[in-house]
Amino acid sequence: MIIIGEKINATLTGIKSIVLKQDSAGLLDMAKIQAASGADFIDVNVGTGVGSREDEIGAIKWAVKTIQGEIEIPLSIDSADPCVLDAGLRMRDGRPSLINSTKAEEKNLAQIVPLAYRYQTPIIGLAMDETGVPRTVEDRLRACENIASACEEYGVPIENVYFDPLVLPVSTDINQGLVTLYTIAEIKKRFPAAKIVMGLSNVSYGLPGRTCLNAAFLHMAIYAGLDAAIMDPLNQIMINALKAAEVLVGKDKHCRRYTRAFRSIRGRHG
Ligand code: THG
């Protein structure tokens, strides 16, 4: 499993103030702690919701430059704005990156998929279009088909595509857990060479014991074929869930990673 550390996200109040103050030390702390916890990528989302597009472009340049000046870790550039993605990718100057993300909307695809070709980076495609997140597996799959067609058209290999089946809260629609899980399984069948990624925490929105639900959902999603998770790498319960699931679906040869992870914390967890 590929772990994409989610903690540099300006919708979180602590990060929002770090971005607004351009607090480089605070930003670096958040990057280093996630890298040290085993994140494979760090997601960088600096959209504070205040200020202009130029402010967000300035913020992504600052954040990317600050992080890569100190640590070498792949970055997931997270924005809905193609110009912000472009600015972040240009600042990476060929270092390993991930575009997060494009929707299956004509205009979005035409602006963002060419960036994946130009910068030769993988790209996340969200299973949604201009009308929002479809509530059925069929409609989410149709969105993925449209993304795959655009990638083919612009010369982006399917191996570089991460499909995001998307997650809606089960508290508002009890079927949404299964819709996401079935979408993962169908994407795997239709595009076996592509990868599948998602953010988990939406599933438990509005309910108590969120980590309990998120961990169960991670187990099921890994069984269904999830390749990468946008998650908090500092949340030990979630990391344990991930390692256990990898063993049980045969993705951890000789249970080596599982054993190593538990050896270091044997005193606390048996
Ligand atoms: N898909 C894709 N990109 C995404 C999302 C997605 N980017 C944004 C979002 N969803 C994923 N990122 C976050 C970031 C932070 C939190 C949730 C989702 C969050 N974090 C808590 C915190 O840091 O305080 C801790 C959560 C925990 O302990 O588990 O709430 O769906 N492609």
Side-chain angles (χ1 to χ4, degrees), residues 2-19 26-27 29-31 33-34 37-49 56 60 63 74-81 84-85 88 97-104 108 112 116 121-128 132-134 140 143-144 147 160-170 176-177 179-181 183-184 187 194-218 221 226-242:
I2 296 161
I3 298 172
I4 303 171
E6 72 182 10
K7 293 184 82 72
I8 298 181
N9 189 308
T11 60
L12 305 168
T13 48
I15 300 298
K16 183 174 174 179
S17 79
I18 283 174
V19 172
L27 184 79
D29 275 351
M30 212 41 119
I33 189 171
Q34 293 185 91
S37 303
D40 299 291
F41 284 83
I42 293 176
D43 194 63
V44 182
N45 183 325
V46 293
T48 56
E56 193 179 338
I60 195 78
L75 298 184
S76 157
I77 311 294
D78 187 352
S79 176
D81 184 332
V84 174
L85 294 171
S97 309
L98 173 63
I99 297 173
N100 187 10
S101 51
T102 180
K103 300 177 206 170
N108 222 236
I112 299 174
T121 61
I123 179 169
I124 298 179
L126 308 178
M128 66 183 288
V133 180
R140 289 192 202 187
C144 294
I147 292 165
N160 275 5
V161 179
Y162 286 67
F163 289 112
D164 185 334
L166 295 171
V167 178
L168 293 176
V170 288
Q176 284 305 318
V179 167
T180 296
L181 294 167
T183 302
I184 294 172
I187 294 170
K195 295 190 177 65
I196 303 176
V197 64
M198 69 185 190
L200 295 151
S201 52
N202 255 356
V203 79
S204 60
Y205 184 80
L207 291 169
R210 292 189 64 179
T211 300
C212 177
L213 288 167
N214 294 347
F217 198 49
L218 184 57
L226 192 73
D227 299 287
I230 305 173
M231 62 189 286
D232 179 358
L234 273 59
N235 186 330
Q236 199 58 54
I237 294 174
M238 292 301 291
I239 295 296
N240 289 351
L242 184 151

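Counting starts at 1 for both ligands and their atoms, following the listed order. One-based numbering along the sequence shown.
For atom 10 (N) of ligand 1, the nearest protein heavy atom is 4.0 Å or more away.
Contacts between L126 and ligand 1, counted as non-hydrogen atom pairs separated by less than 4.0 Å, involve the side chain only.
N214 and S204 share a side-chain donor-acceptor pair at under 3.5 Å.
Atoms of ligand 1 found under 4.0 Å from any heavy atom of I230 (numbered from 1 in listed order, with element): 1 (N), 2 (C), 3 (N), 4 (C), 11 (C), 32 (N). Using a 4.0 Å cut-off to heavy atoms of D232, the atoms of ligand 1 that qualify are 25 (C), 27 (C), 28 (O), 29 (O). Near S201, meaning under 4.0 Å from any of its heavy atoms, are these atoms of ligand 1: 17 (C), 18 (C). Interface of N235 with ligand 1, defined as ligand atoms under 4.0 Å from a residue heavy atom, comprises 27 (C), 28 (O), 29 (O).
Between R210, E6, K7, M198, it is E6 that holds the heavy atom closest to atom 26 (C) of ligand 1.
Looking only at protein heavy atoms, the nearest one to atom 30 (O) of ligand 1 is L12 CD2, 4.0 Å. Remark: minimum distance from atom 7 (N) of ligand 1 to any protein heavy atom is reached at D78 OD2, 2.9 Å. In this structure, atom 1 (N) of ligand 1 lies nearest to the protein heavy atom D164 OD2, 2.7 Å.
Partner D78 forms a side chain to side chain contact (heavy atoms under 4.5 Å, CB included) with one of N100, I99, V44, I124 and no other, that one being N100.
Put simply, the side chain of R140 gets close to the backbone of P134: a donor and an acceptor are under 3.5 Å apart.
Between I8 and Q34, some side-chain heavy-atom pair lies under the 4.5 Å cut-off. No side-chain heavy atom of I42 sits under 4.5 Å from any side-chain heavy atom of E6.
The shortest N or O to N or O distance between N100 and ligand 1 is under 3.5 Å.
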Show your working on side chain to side chain contact (heavy atoms under 4.5 Å, CB included) between T211 and N235 and close with a plain yes or no.
-> CA-CA 9 Å; T211 300; N235 186 330; 3.8 Å; yes

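Sparse packing is recorded around CD1 of I237, with 12 or fewer heavy atoms of other residues, nucleotides or ligands lying under 6.0 Å away. In I33, the CD1 atom is not crowded: 12 or fewer heavy atoms of neighbouring residues, nucleotides or ligands sit closer than 6.0 Å.
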